[in-house]
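Each remark here refers to the structure printed beneath this line.
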Number of protein chains: 2
Amino acid sequence: MRATVKDVARRAGVSPKTVSNVMNGIIPVSGATRTKVEQAILELDYVPNLSARGLRNGRSGVIALALPDLGTPYSAEIAHHIVEVAHEQGWIVQIEETGSDPKRERELMVRARSNLIDGLILNPVVLDESAVRVGVALPPVVLLGEVTQSLADRVFVDSAAAARDMTLALAQPGRRRIAVLGTTQGRGSAAAIQRTQGYEEALVILGIERDESLLIPCEKWTPQTAADALTAYLGSHPLPEALFCFTDSMAIGALSVLWKRGLRIPEDIAVAGFDDIADGRYAVPSLTTVSFDKRAIASEALRLLTERMADRGHEQRVVSLHYSIVERDSSRS
Amino acid sequence: MRATVKDVARRAGVSPKTVSNVMNGIIPVSGATRTKVEQAILELDYVPNLSARGLRNGRSGVIALALPDLGTPYSAEIAHHIVEVAHEQGWIVQIEETGSDPKRERELMVRARSNLIDGLILNPVVLDESAVRVGVALPPVVLLGEVTQSLADRVFVDSAAAARDMTLALAQPGRRRIAVLGTTQGRGSAAAIQRTQGYEEALVILGIERDESLLIPCEKWTPQTAADALTAYLGSHPLPEALFCFTDSMAIGALSVLWKRGLRIPEDIAVAGFDDIADGRYAVPSLTTVSFDKRAIASEALRLLTERMADRGHEQRVVSLHYSIVERDSSRS
DNA sequence: CCAACAACTGTGAGCGCTAACAACACCCTT
DNA sequence: AAGGGTGTTGTTAGCGCTCACAGTTGTTGG
């Protein structure tokens with residue numbers, strides 16, 4: 001049987017509360033007593049039962065992170081940073097994939113209310129359907145990424161502005177036929193909408209007329225779907241001068257297609273992505289992208305979350321992070 | 001204040017135990033009572049407190065997954081599948097990065113003993129230093145990947161055999177100067193040792209004399225380090241006919257270097273990787289690799305873990321998974 | 001009609017921990 | 001010498017849940 005506070009207390013000749021005081025270190029304990037207790041803890045190999053502590057304190061020290069798909073490089077990098085930052089601050093991270101399924105977001109909300117997690121960092125996909133709703137008593141939640149409604153604290157990058165700047169950068173050497181890959185039909189993700197919008201803003205600035213045929217739809221943002229969409233597109237359209245993919249993952253799929261067709265990049269067509277995932281740097285050719293500090297996303301998200309946990313009442317907070325256009329070989333002329 | 005079993009019981013006009021029976025569904029409850037209780041649960045928006053349940057039951061329904069670095073594509077894919085499979089079976093997954101730091105593996109062991117997690121899936125890196133030791137009372141643990149000692153249940157792919165087969169495949173069209181990228185000096189990871197060994201086995205089979213200068217060391221298996229190592233190597237060595245990288249990530253770094261030097265792949269040099277990560281398919285050119293079923297790894301690991309949790313006493317179990325050599329453009333002549 | 005049984009529901013206790021409070025020793029002030 | 005800190009430790013209680021067991025009903029067969 002595992003040792004409990006009682007056992008430790010008995011062995012150290014003190015009360016259970018004193019053992020607890022030693023463990024938690026808030027209420028002062030004299031040196032001698034502390035030593036005795038620590039000795040007893042070592043001898044009995046005592047480990048506190050966190051379920052019991054959680055029950056008593058109403059807090060578990062665990063936060064949940066929900067991402068659409070952990071397997072994608074972007075999500076993986078975000079998860080990496082969140083886990084790291086959380087660990088530094090003593091939080092344990094529970095992970096959940098929502099697979100863009102609102103049901104699973106809802107499950108998480110329930111779990112948050114079941115005292116198993118103290119807070120939730122959520123990267124929603126389609127928010128209309130999202131479990132995060134006005135009016136419902138939310139656990140402390142921080143949203144990651146582009147979201148149209150303002151339902152909870154939030155950390156994001158101004159996608160529209162970034163897409164605009166990227167389009168402008170691609171147009172720099174006189175390119176005018178700039179295609180985008182990743183637009184969605186109907187109600188798409190907020191990211192798709194904003195990036196499309198930024199692209200269109202840039203066209204206005206550049207005095208280029210909007211050409212519907214340069215919007216290449218791609219609902220799911222994976223290399224596979226991007227490759228398929230681009231292949232289909234090239235079968236029936238002339239080659240654009242530049243291709244702005246709404247994520248690096250899609251750009252990697254696109255590069256693979258273009259290369260197989262023997263096209264030279266960036267001479268025949270410039271390519272850019274969005275997210276600055278690690279692999280983009282080693283793409284062939286290295287990928288021009290919208291870059292931002294993912295570790296900052298993690299630490300800001302955690303900051304907002306802990307502040308929210310400390311004070312449920314305050315105003316909603318929104319943090320916008322800087323981005324930069326990183327030009328690499330895929331667009332450098 | 002949140003509703004408790006008591007509140008639900010009062011409202012439904014039954015005892016707390018009956019509510020518990022309805023929730024857990026093991027002890028039969030009559031239809032009428034069940035309906036009343038479910039009604040009350042809905043009305044009060046009752047959510048059970050999992051900390052309390054965990055305290056009472058001694059189990060939390062949470063397992064932990066520990067990986068060296070979540071940000072790498074391989075780890076991310078493994079994590080993805082484990083989270084998915086665990087979710088299907090009703091497990092919650094806590095995630096931890098060990099960053100190859102044995103201290104963090106040890107922390108996890110402690111947490112397992114603190115009743116916060118029921119079991120642990122661990123992908124260790126250097127096991128000599130690992131927290132998993134003989135003699136120590138382990139929580140239910142399943143090890144992922146190559147490991148020399150047999151300390152716990154384990155799921156792995158026979159790296160040595162796979163490396164041997166890959167080397168043989170690369171040698172097929174008469175290539176003889178086959179380099180490997182990723183060997184380590186001194187005590188390296190078990191994976192590095194086994195893959196090197198498999199390569200050397202193949203050389204013996206092929207009747208090719210071992211050439212020390214074809215072993216390109218690279219301690220950390222990332223695209224960056226691989227690119228650096230290969231760049232340095234090519235500065236002072238002639239170009240090999242083939243390059244077998246010990247991971248796909250390294251291969252992607254290597255491809256980037258080779259491409260920048262204007263080398264044609266596979267004509268000038270064939271390249272292969274290991275792990276079959278998603279991006280390898282979209283590498284330029286698409287990457288020949290050792291492939292295996294990562295979802296099977298996940299489900300086997302979970303199976304071993306749940307079996308171990310059910311019966312702590314049984315013999316150690318080891319599951320070896322199939323692999324296959326997938327030839328893509330980077331080696332196809 | 002009653003015993004015997006099944007099917008269901010209630011009672012009491014306690015999992016391990018820590019908050020609030022009480023108690024005590026000890027020192028310093030007045 | 002009494003009063004009032006100050007610092008440390010003990011006592012009591014209960015967080016919300018479910019187990020073991022006891023109790024209650026309904027159902028069947030003799």
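Bear in mind the structure is a predicted one, so any value in this text is a computation, not a measurement. Letters A, B, ... are given to chains in the order of the sequence lines, protein chains preceding strands, and every chain is numbered from 1.
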**OP:** Indicate yes or no for a side-chain donor-acceptor contact from A:Ser114 to the backbone of B:Val47 under 3.5 Å, with no hydrogens or angles considered.
**Re:** no
Original post:
Of the nucleotides D:dG16, D:dC19, C:dT18, which has the atom closest to the B:Ala52 side chain?
Top reply: D:dG16
Subject >> Atom pair distance, as rounded to whole Å: CG in A:Asn21 and P in C:dC21 >> reply: 16 Å
Subject >> C:dG16 OP1/OP2 closer than 4.0 Å to side-chain N/O of A:Thr4 >> reply: no
**OP:** May I ask you to verify if any side-chain N or O of B:Ser15 is less than 4.0 angstrom from the OP1 or OP2 atom of C:dG10?
**Re:** yes
Original post:
Rounded to whole angstrom units, what separation is found between the CZ atom of B:Arg59 and the C1' atom of D:dC17?
Top reply: 13 Å
Original post:
Taking B:Glu146 for the side chain and B:Ala190 for the main chain, is one N or O donor matched with an acceptor at less than 3.5 Å?
Top reply: no
Original post:
Once you round it to whole Å, what is the distance between C1' of D:dG14 and CZ of B:Arg56?
Top reply: 15 Å
Subject >> Separation of D:dT9 P from A:Met23 CE (nearest whole Å) >> reply: 16 Å
Original post:
So does B:Thr18 get a side-chain nitrogen or oxygen closer than 4.0 Å to the phosphate oxygens (OP1/OP2) of C:dG10?
Top reply: yes
**OP:** Please state how far atom CG in A:Asn57 lies from atom C1' in D:dC15, giving the value in whole angstrom units.
**Re:** 10 Å
Original post:
Could you give the distance from CE (B:Met309) to CG (B:Leu302), rounded to the nearest 0.5 Å?
Top reply: 7.5 Å
**OP:** Check every atom of D:dT18, C:dT18, D:dG10 against the side chain of A:Val5 and return the nucleotide holding the closest atom.
**Re:** C:dT18
**OP:** Identify which one of A:Glu315, A:Arg308, A:Glu300 satisfies the side chain to side chain contact (heavy atoms under 4.5 Å, CB included) criterion when paired with A:Asp153.
**Re:** A:Arg308
Subject >> Between P of C:dG16 and CG of B:Asn49, the distance in whole Å >> reply: 17 Å
Subject >> B:Lys17 side chain, from C-beta outward: closest of C:dT9, D:dA20, D:dC17 >> reply: D:dA20
Original post:
B:Leu55 has an atom CG; how far is it from atom C1' of D:dG14, in whole Å?
Top reply: 12 Å
Subject >> Euclidean distance, atom NZ of residue A:Lys6 to atom P of D:dA13 [Å, nearest integer] >> reply: 14 Å
Original post:
Rounded to the nearest 0.5 Å, what separation is found between the CG atom of A:Leu70 and the OG1 atom of A:Thr72?
Top reply: 7.5 Å
